[in-house]
Amino acid sequence: MSSDSQSNVAANAGSSSRRTLTACGAAHALHDGFTDLLNVLYPLLQAQFGLSYAAIGALKAVYSGAMASGQIPSGWLAGKLSGVSVLAVGTALVGAGYGLAGLTGSLYGVIAGLLLAGLGGSTQHPIASTLVAGAYPGLRSRTALGTYNFTGDVGKVALPAVFALVAASLGWRQALLVSAAIAIVGAGAILLSLQSAEMGARAAKSGRTGEGEDRPWAFWLLFCIHVADSAVRSGFLIFLPFLLQAKGADLPTIGLALSLLFAGGAAGKLVMGWLGARLGVVSSVISTELATTTLILVLLPLPLTLTLALLPLVGLMLNGTSSVLYGTIPEFVKVEKRTHAFAVFYTGGSIAGAGSPFLFGLLGDLIGLVPAMMGVGILALLTVPLVWALRPAFRAEGASLR
């Protein structure tokens, strides 16, 4: 093959990879936005139906439980059928769920709608992550998956804001119907934009089947690190508003603080995915976990103003690890097993994120707010020996341990 032909092939491959990352990133933004707009919906439902906080928690559990339980079956279906078709159907199912809740306007309709939407939302992470990893083979997947991870935060900012505006002017039912329409349009766009990418991925996969060496022990170590990291993040988030309140923050200040934290977290997902590809997994994850523990402990005695100033950096470290961890999965799992691996990985994080606030809440009731937050910080330290134990896996593949 001539050098010109090789250049054209490389350019086409690069263009296809970018299209895949853009489309999967858009799907991620859409699905994460649909999940987070529920935080705007719950207070409106409370006012509409006179619900208790426990009932609101139960509604949230319906959606979160459906999403967590559907991820592994979604990965299995994607392996048997077309992953893009499963993702498109899942996105349409989100639309059907929100449409049902909006059209009926009843509490039972809302419950059924949240169940459908949660099941539909479960398709996105395992399938889109696999497509991105397939489009960027090798160590490039770390940076690509970090970028993909970041796009979810864009949706978390945009869609809840749109939902709030529509709900304020037209009502929550109409806002749900608008969200349903966006989901249906998104499902069609996913089908159109990703079908060619999946065909290319299948062709590449057939040539790469069996590529790499399965390292189940390394994957499960990574899984345990991810579960602990998710538990730390959720535990910190459940206590932060109360810590700020104890420092004298009012409600608008607490909202500002959370925005600062989330902005830092979004930047962390993008920056750490790029940095992890250059420093290596072991160095970058140990650095972020040590920094997380240090920053949480430093926050506790600080006055409110300094606490607010430090929160973007806390968010960067708290969320940054996830991009490095997601981006490392393809290095430990063969091509044909990755969709299932991503599904298992995301399910573990979902369960940890749902269960740890309750457990840390019990700890806080027993020993108090500040000691419980110290416990959250110490949990981050427990991941360090697990990360250190991953070193042989990277030596085996000649990856950087810096």
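Counting from 1, the numbers follow the sequence of the chain as shown.
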Expected list for residues 297-317: side-chain donor-acceptor pairs under 3.5 angstrom, two or more places apart:
unit_1	atom_1	unit_2	atom_2	d
Thr307	OG1	Pro303	O	2.9

Any luck finding a side-chain donor-acceptor pair between Asn149 and Ser322 under 3.5 Å? yes
Would you call the rings of Tyr148 and His125 parallel, tilted or perpendicular if under 30° counts as parallel and over 60° as perpendicular? perpendicular
Taking atom types as modelled, find out whether Asp32 and Thr35 have a side-chain donor-acceptor pair closer than 3.5 angstrom. no
Looking only at atom types and distance, does a side-chain atom of Arg391 sit under 3.5 Å from a main-chain N or O of Val282, one as donor and one as acceptor? no
Can you tell if the side chain of Leu261 reaches within under 4.5 Å of the side chain of Phe236, non-hydrogen atoms only? yes
Side-chain donor or acceptor of Ser169 paired with backbone N/O of Val166 under 3.5 Å: yes
Tell me if a side-chain donor or acceptor on Arg173 pairs with a main-chain N or O of Leu103 at a distance below 3.5 Å. yes
Ala231 backbone acceptor or donor facing Ser234 side chain under 3.5 Å: no
Using modelled atom types only, decide if a donor and an acceptor are shared between the side chain of Thr91 and the backbone of Ala187 within a distance under 3.5 Å. no
Does Tyr98 reach the main-chain N or O of Phe34 with its side chain, forming a donor-acceptor pair under 3.5 Å? yes
How about OH on Tyr42, more than 12 heavy atoms from neighbouring residues, nucleotides or ligands closer than 6.0 Å, or not? yes
Would you say the side-chain atoms of Tyr346 and Ser129 include a donor-acceptor pair closer than 3.5 Å? yes
Please check: side-chain N/O of Arg338 versus main-chain N/O of Thr130, any donor-acceptor pairing under 3.5 Å? no
With a 6.0 Å cut-off (strictly less than), is the heavy-atom count around CH2 of Trp388, excluding the residue itself, greater than 12? no
Using 30° and 60° as the class boundaries, would you call the ring planes of Phe223 and Phe345 parallel, tilted or perpendicular? perpendicular
Do the side-chain N and O atoms of Thr123 and Ser74 include a donor-acceptor pair separated by under 3.5 angstrom? no
Heavy-atom check, side chain of Leu119 versus side chain of Met67, under 4.5 Å: no
Asp36 and Leu159, any side-chain heavy atoms less than 4.5 Å apart: no
In this structure, CG of Leu379 is separated from OG1 of Thr293 (nearest 0.5 Å) by 8.5 Å
Are the side chains of Leu114 and Leu38 in touch, meaning some heavy atoms are under 4.5 Å apart? yes
